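Let me begin by presenting the structure, written as structure tokens, before commenting on it.
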Amino acid sequence: FTTGSSYKGGFKNKRMEGMGHYTFTSGSKYNGYFMDNMFHGQGTLYTSDGGKFGAVWDKGKCLGPNSDDIGYVFPDGLEHRTNNWNYCNASDRRFHLEKCTSLKPAGRTLLTDRSDNTLKVPLDWYDCGDGFYNPEKRIVYTYHNKFLRNADSKEHDWIIKNCRKGVTDEDQLDSNGLYK
């Protein structure tokens, strides 16, 4: 193809038809059925970063997951379910990696869903998901210390209430030396 993508599979009237394998220039791939050059029927889209989306398609339109209520499988193995989604909810906010390794939600947990856990929240600042928040200046900085935005009062209050605060190891220990 002129786009740099490729296809191996059936053709009908010079159009992709039947079972086939399409590779996008990004490295993502689709393995499944085609009709009139469109995804049609059962098929799985594999993203270049290792994710996977199995679905039923109708003339290029996704109708939903193809089986077991699993919509998307993230590169780390986390399965997104269209029903009964139980990841990062109010009762258990652990990362997928923490659940897989049986790390309990109380006490010291990971700052990211990476096992190397390299991000450290600066003392008395907050990790607000897209960067670190300095509550004195009311500024959110990227994780690479670049200005991201000023926080209004509503965002400030939400961050203080909901986000992880940078503390010293001693601040996390109780009188017995155990994590609070």
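Side chains included, hydrogens not; waters and symmetry mates left out as well; all remaining heavy atoms used. Here, residue 1 is the first one in the sequence, and each next residue gets the next number. It should be emphasised that the depicted structure is a prediction, and the values quoted were computed from it without experimental measurement.
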hydrophobic_cluster_shared for F53 and M38, side chain cutoff 4.5 Å
no
If you define the side chain from C-beta out and look only at heavy atoms, does anything of N145 sit under 4.5 Å from F132?
no
So, does D76 use its side chain to make a donor-acceptor pair with the main chain of L78 at under 3.5 Å?
yes
Given N37, which of K59, M16, E17 fulfils the side-chain contact (heavy atoms from CB on, under 4.5 Å) condition?
M16
So do I139 and R149 actually touch side chain to side chain, heavy atoms under 4.5 Å?
no
For F147, what residues pass the ring-ring contact (aromatic ring centres under 6.0 Å, His included) criterion, not counting sequence neighbours?
none
With clusters defined by side-chain heavy atoms of hydrophobic residues (ILVMFWY) lying less than 4.5 Å apart, directly or transitively, does V121 cluster with Y143?
yes
Working to the nearest 0.5 Å, report the span between NZ of K165 and CG of L123.
8.0 Å
What's the shortest heavy-atom distance between H156 and Y133, and which atoms?
ND1-OH, 2.6 Å
Any side-chain to backbone donor/acceptor pair from S28 onto S48? Under 3.5 Å, distance only.
yes
A side-chain contact here means heavy atoms from C-beta on lying under 4.5 Å apart; do C163 and W158 qualify?
yes
Heavy-atom nearest pair, P75 first then G51, reads CG-N, 3.8 Å
Same cluster for M19 and V56 if Ile/Leu/Val/Met/Phe/Trp/Tyr side chains link at under 4.5 Å?
no
Check salt bridge (charged side-chain N to carboxylate O under 4.0 Å, His left out) between D58 and all other residues, then give those that pass, not counting sequence neighbours.
none
Is it the case that more than 12 heavy atoms not belonging to D152 sit under 6.0 Å from its CG atom?
yes
Shortest non-hydrogen contact from Y30 to F34?
CD2-CZ, 3.3 Å
Cluster check Y7, L45: I/L/V/M/F/W/Y, side chain < 4.5 angstrom
yes
Report yes if some heavy atom in the side chain of K29 is under 4.5 Å from a heavy atom in the side chain of H21; otherwise report no.
no
Indicate yes or no: at least one non-hydrogen side-chain atom of I159 is less than 4.5 angstrom from one of P135.
no
Heavy-atom side-chain contact between K52 and T47 under 4.5 Å:
no
Does F24 share a hydrophobic cluster with F1, counting links as ILVMFWY side-chain heavy atoms below 4.5 Å and allowing steps through other members?
yes
Would you kindly say whether N162 and Y126 are connected by a side-chain donor-acceptor distance under 3.5 Å?
no
Anything under 30° is parallel, anything over 60° is perpendicular, the rest tilted; go ahead and classify W125 against Y141.
parallel
